[in-house]
Amino acid sequence: MDQAEKSKTETINGAHVNGQSGKSGRLDVLKTYKIYIDGKFPRTESGRYYILNDKSGNTLANICQSSRKDFREAVVAARKAQPGWTGKSAYNRSQILYRIAEMLEGRRAQFVDELTKQGSTTAQAENEVSLSVDRLVYYAGWCDKYQQVFSAVNPVESSHFNFSVAEPTGVVSALSPENYGLIGLVSVIAPAVAGGNTIIVLASSEKPLCAVTFGEVINSSDVPGGVVNLLTGYRSELISHFANHMDVNAIVYCDDVQEEISKVKELSAMNVKRAVVYKDDNWMKESSHNGYRIMDLQEIKTTWHPIGQ
Amino acid sequence: MKRTDYLVTDSPAIDQVGVEERISRFSKRSIKKESKMAALKMALSMVDLTTLEAKDTPGKVKQLCTKAMHPHSAYSDIPPVAAVCVYPNLVRVAKEALKGSKVKVAAVATAFPSGMSTRKVKLEETKWAVNEGADEIDMVISRGHFLASEYNFVFDEICAVKEACGQAHLKVILETGELSTLDNVRRASDLAMHAGADFIKTSTGKIQPAATLPVTLVMLEAIRDFYYETGKRIGMKPAGGIATSKLALNYLVVLRETLGNDWLNADMFRFGASALANDLLMQIVKEKEGVYQSIDYFSKD
């Protein structure tokens, strides 16, 4: 290859990367943002995408526009994974949550990069990642404690030993906060799985990058496939399916849009789903994590056990 | 039929790659909403609701029979299933429970599932099951003899069981999971049909792999060729491992494409299954109500 031909090739290579030629004229290897279902990373079955731009209008990525069928697949996976996840010891669930925190910490730079691309300043992004790690550790700690704290032995008139214990409600669907890329996801996933539930989360449609990357973190943290499922797409399209699926036991709704809240509550009534609404305006605050958020997704079982005099 | 009229070596060889390619194309058909609804109901009406466990009790069989007659009482347009399939000692219980309905009673016989017994015992068992009231007998072939190329032995055995069945329909289980090759499946199908089978059936459900789409296609093609040759219509029953509606619809596509409309009914085609019925019901209700269903709201059988 002579000199002229060689320089031509480099220009062509350079032109592939949005007109920028890489440092060595090498093509960038860009990440394909897919969804996370049953421990795997499929593309949406619908084949639809939307383009995610940064503030200046540059394309960041093509994001999967998940369909109701993707959601259906995710529910099947979550239902299958649920007995196994509930059956793990609280201590083991705690270890796994802590493991997610470790993995997230290790990938800090990548999350900071994605958050800044989606509009945060570096300081904000650093803070959001730190808080997310801390929140995971916080809920890891709760795994083997909420039972003691919230269960009760009840005084009764008859000769019965009467006690109430918390049991996971089952499969949870969640619409995570629209304005938070990472902390929003962590804040809905951690309390649900700490309490032995499995979950399907719809990520923020404007800030979906972290959701896909968080799926990779979960996938490398000993979380069994199907326990956490992450979809990207439009809330307006999926909200009613998240709320009316008969095999979902609870729905978590984040944000404060009255019309959406009414819809969630109305459709949840079909199978008397637990509808949990969080209107937090700032998910970075301490008030956005507490043990009651675990209890929001628990059912109380009371047992009457006959005893002698 | 005399066995001299038929040579097992007449069966054509099967192109396995071709079969798999054809199945892969059948499995990618898109089925539109109205057709889907009709197909789901049709599939339900073809189910042989099966319980073949050593722990089966009269109570469980009665419960299964109720399910067979009234799969889901919330809707009146949901058809009953085709038959209930049980062990011979529970035939009487099933017959009693299904009295007055069109649901048939099928009994597995001939030392099901292995078939490892003497012919005398097998014939006794068959006669006994028919006497108890079985409308259909599901027999197993002697795979050991078949694989040792003792085709005459297998042929004679099927003839004898057919005779013992009397009026009852005979389904012959090939246990394709133990036949190794599609060539063997085709040979066994031809052999069973010539020996007098009313239905040919893939599997007992006790061996993996059970029914698969490629095996079913080969058997359906054997049925088609047998029809061209003799003018007799033989039925088909894939059994074991068909648990989802989607898969059941794929079977119906293969059936329709291979044998046409004449076979699209419960007299000519059955699904041997237990979990499939509830999945079909869930999809039917989903189509009606527009909401994905949960198994929690359907009776366990």
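Each chain gets a letter, A, B and so on, in the order the sequences are listed, and its residues count up from 1. All values below come from the heavy atoms of this structure, side chains included, with hydrogens, waters and symmetry mates left out.
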**Study point:** Steps toward side-chain hydrogen bond (donor to acceptor under 3.5 Å, both in side chains) verdict (Thr302(A), Ser164(A))
**Key:** CA-CA 4 Å; Thr302(A) 295; Ser164(A) 301; 2.7 Å; yes
Exercise for review: Take Thr57(B) and Lys55(B) through the side-chain hydrogen bond (donor to acceptor under 3.5 Å, both in side chains) test and state the conclusion after the steps.
Suggested key: CA-CA 6 Å; Thr57(B) 58; Lys55(B) 62 179 184 187; over 6 Å; no
Exercise for review: Decide yes or no on side-chain hydrogen bond (donor to acceptor under 3.5 Å, both in side chains) for Lys60(B) and Thr51(B), but give the supporting numbers first.
Suggested key: CA-CA 9 Å; Lys60(B) 187 180 177 194; Thr51(B) 181; 3.1 Å; yes
Practice item. Would you check, one step at a time, whether the test side-chain hydrogen bond (donor to acceptor under 3.5 Å, both in side chains) holds for Gln82(A) with Thr198(A)? Key: CA-CA 6 Å; Gln82(A) 209 266 328; Thr198(A) 54; 5.6 Å; no
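Of the charged side-chain nitrogens involved, at least one lies within less than 4.0 Å of a carboxylate oxygen, so that Glu178(B) and Arg143(B) count as a salt-bridged pair. Between Glu257(B) and Arg29(B) there is a salt bridge, since at least one side-chain N of the basic residue sits less than 4.0 Å from a carboxylate O of the acidic one. Remark: Asp280(A) engages Arg293(A) in a salt bridge, criterion side-chain N to carboxylate O under 4.0 Å. At a threshold of 4.0 Å, the pair Lys41(B)-Asp77(B) counts as salt-bridged, since one of the basic side-chain nitrogens sits closer than that to a carboxylate oxygen.
Of all residues spanning residues 260-292 of chain B, those with a heavy atom less than 4.5 Å away from chain A's heavy atoms are Lys286(B), Val291(B), Tyr292(B), arranged by number. Interface residues of residues 248-279 of chain A toward chain B, defined by a heavy-atom distance below 4.5 Å and sorted by number: Met270(A), Asn271(A).
Atom CG of Leu231(A) and atom CG of Leu238(A) lie 7.0 Å apart (nearest 0.5 Å).
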